[in-house]
*Asks:* 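Take this structure first; my questions come after.
Keep in mind that the numbers below use all heavy atoms, side chains included, and drop hydrogens, waters and symmetry copies. Residues take their numbers from the sequence shown, with the count starting at 1. Just so we're clear, the structure is a prediction, and the values are computed from it rather than from any experiment.
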Amino acid sequence: MDLTSKLRLALCAALCCLLSACSVSYKFNGASIDYTKVKTIQIAEFPIRSSYVWGPMGPIFNNELKNQFADHTKLSQVKRNGDLKLEGEITKYEQRNKAVTADGYSAQTELSITVNVRFTNNKDHDKDFEQSFTAQQSYDSTLSLNSVQEDLVTQMVKDLVEQIFNKAVADW
């Protein structure tokens with residue numbers, strides 16, 4: 001093998017290592033469920049109990065929560081008597097100033113959603129819990145809430161659903 005061939009082979013090997021190192025990513029989205037014992041989940045609609053409300057937030061949250069369990073588990077969703085049961089309410093939806101400029105004006109506003117969740121595992125009550133989950137997103141205060149609200153709520157809902165899913169069935 002001549003020097004040029006060795007150089008090409010070494011370059012190819014280095015490039016393969018570099019590309020594989022850059023493209024490896026891992027995201028946990030699986031569940032730790034004993035499907036021999038647990039076959040169904042009952043997910044109640046989460047009503048909005050916050051004093052500040054954005055109408056579409058409830059349906060966005062409820063659909064995303066149901067989709068997460070449908071997409072990442074083998075559980076059948078049932079209307080009642082589920083082996084697992086998720087219920088709760090959206091308790092807070094609020095915005096507050098997060099950062100202030102040197103001249104005293106708000107530079108960043110933080111929007112947050114808090115959801116209270118009651119989880120019942122009818123096959124193992126040691127795994128039952130009631131817990132509040134919160135997600136926040138910030139936006140530039142020069143923007144109106146109406147212009148960013150849908151995107152921010154969608155991002156926060158995904159975060160909340162992931163937190164709830166991990167706590168309920170992923171043993172995280």
*Asks:* Assigning hydrophobic clusters by single linkage (Ile, Leu, Val, Met, Phe, Trp, Tyr; side-chain heavy-atom cutoff under 4.5 Å), is L160 placed with V148?
*Replies:* yes

*Asks:* If I take atom CD from residue Q77 and atom NZ from residue K66, how far apart are they, to the nearest 0.5 angstrom?
*Replies:* 7.0 Å

*Asks:* Quick one: pull up CD in Q95 and OG1 in T109 and give me the separation to the nearest 0.5 Å.
*Replies:* 6.0 Å

*Asks:* Any donor-acceptor pair under 3.5 Å linking the side chain of Q163 with the backbone of T134?
*Replies:* yes

*Asks:* How many angstroms lie between atom CG of L75 and atom CD of Q42, to the nearest 0.5 angstrom?
*Replies:* 12.5 Å

*Asks:* For the residue pair L145 and L111, what are the closest heavy atoms and their distance?
*Replies:* CD1-CD2, 3.9 Å

*Asks:* Do other residues, nucleotides or ligands put more than 12 heavy atoms under 6.0 Å from the CD atom of E150?
*Replies:* no

*Asks:* I'd like to check L152 versus W54 (side-chain heavy atoms, cut-off strictly below 4.5 Å). Are they in contact?
*Replies:* no

*Asks:* Any heavy-atom pair between the side chains of I41 and I43 that's under 4.5 Å?
*Replies:* yes

*Asks:* How long is the gap from CD1 on I113 to CD1 on I48, to the nearest 0.5 Å?
*Replies:* 9.0 Å

*Asks:* When rounded to the nearest 0.5 angstrom, what is the spacing between CD in Q149 and OG1 in T154?
*Replies:* 10.0 Å

*Asks:* For the residue pair D159 and Q155, confirm or rule out a side-chain donor-acceptor distance under 3.5 Å.
*Replies:* no

*Asks:* Indicate the atoms forming the closest heavy-atom contact of Q136 with S112, along with that distance.
*Replies:* CG-CB, 3.8 Å

*Asks:* What pairs meet the ring-ring contact (aromatic ring centres under 6.0 Å, His included) rule with one or both residues in residues 117-142, with sequence neighbours excluded?
*Replies:* F119-F129

*Asks:* Check for a donor-acceptor pair, side chain of S132 on one end and backbone N or O of N116 on the other, with a separation under 3.5 Å.
*Replies:* no

*Asks:* For K92, does the NZ atom sit with more than 12 other heavy atoms under 6.0 Å from it, leaving out its own atoms?
*Replies:* no

*Asks:* Search all heavy atoms of D124 against all heavy atoms of N121 and return the closest pair with its distance.
*Replies:* N-OD1, 2.9 Å

*Asks:* Which heavy atom of S32 sits nearest a heavy atom of A170, and at what distance?
*Replies:* OG-O, 3.7 Å

*Asks:* Counting distance only, does the side-chain N/O of D83 pair as donor-acceptor with the main-chain N or O of T40 below 3.5 Å?
*Replies:* yes

*Asks:* Do you know which two heavy atoms are closest between K123 and V38, and how far apart they sit?
*Replies:* CG-CG2, 4.0 Å

*Asks:* More than 12 heavy atoms of other residues, nucleotides or ligands under 6.0 Å from NZ of K39: yes or no?
*Replies:* yes

*Asks:* I'd like to check the ring pair (Phe, Tyr, Trp, His ring centres under 6.0 Å) partners of Y52; sequence neighbours left out, ordered by chain and number.
*Replies:* Y93

*Asks:* Kindly indicate whether the side chain of F61, heavy atoms from C-beta on, has any atom under 4.5 Å from the side chain of V153.
*Replies:* no

*Asks:* Should D140 and Q108 count as side-chain neighbours, where that means a heavy-atom distance under 4.5 Å?
*Replies:* yes

*Asks:* Within this structure, what is the CD-CG distance for the pair E110 and N97, rounded to the nearest 0.5 Å?
*Replies:* 10.5 Å

*Asks:* Less than 4.5 Å apart, any side-chain heavy atom of L86 and any of F69?
*Replies:* yes

*Asks:* Could you verify whether a donor N or O on one side chain and an acceptor N or O on the other, from T91 and T114, lie under 3.5 Å apart?
*Replies:* no

*Asks:* Can you name the closest pair of heavy atoms from A44 and E87 and give their distance?
*Replies:* CB-CB, 3.9 Å

*Asks:* Keeping E89 on the side-chain end and P47 on the backbone end, is there a donor-acceptor pair under 3.5 Å?
*Replies:* no

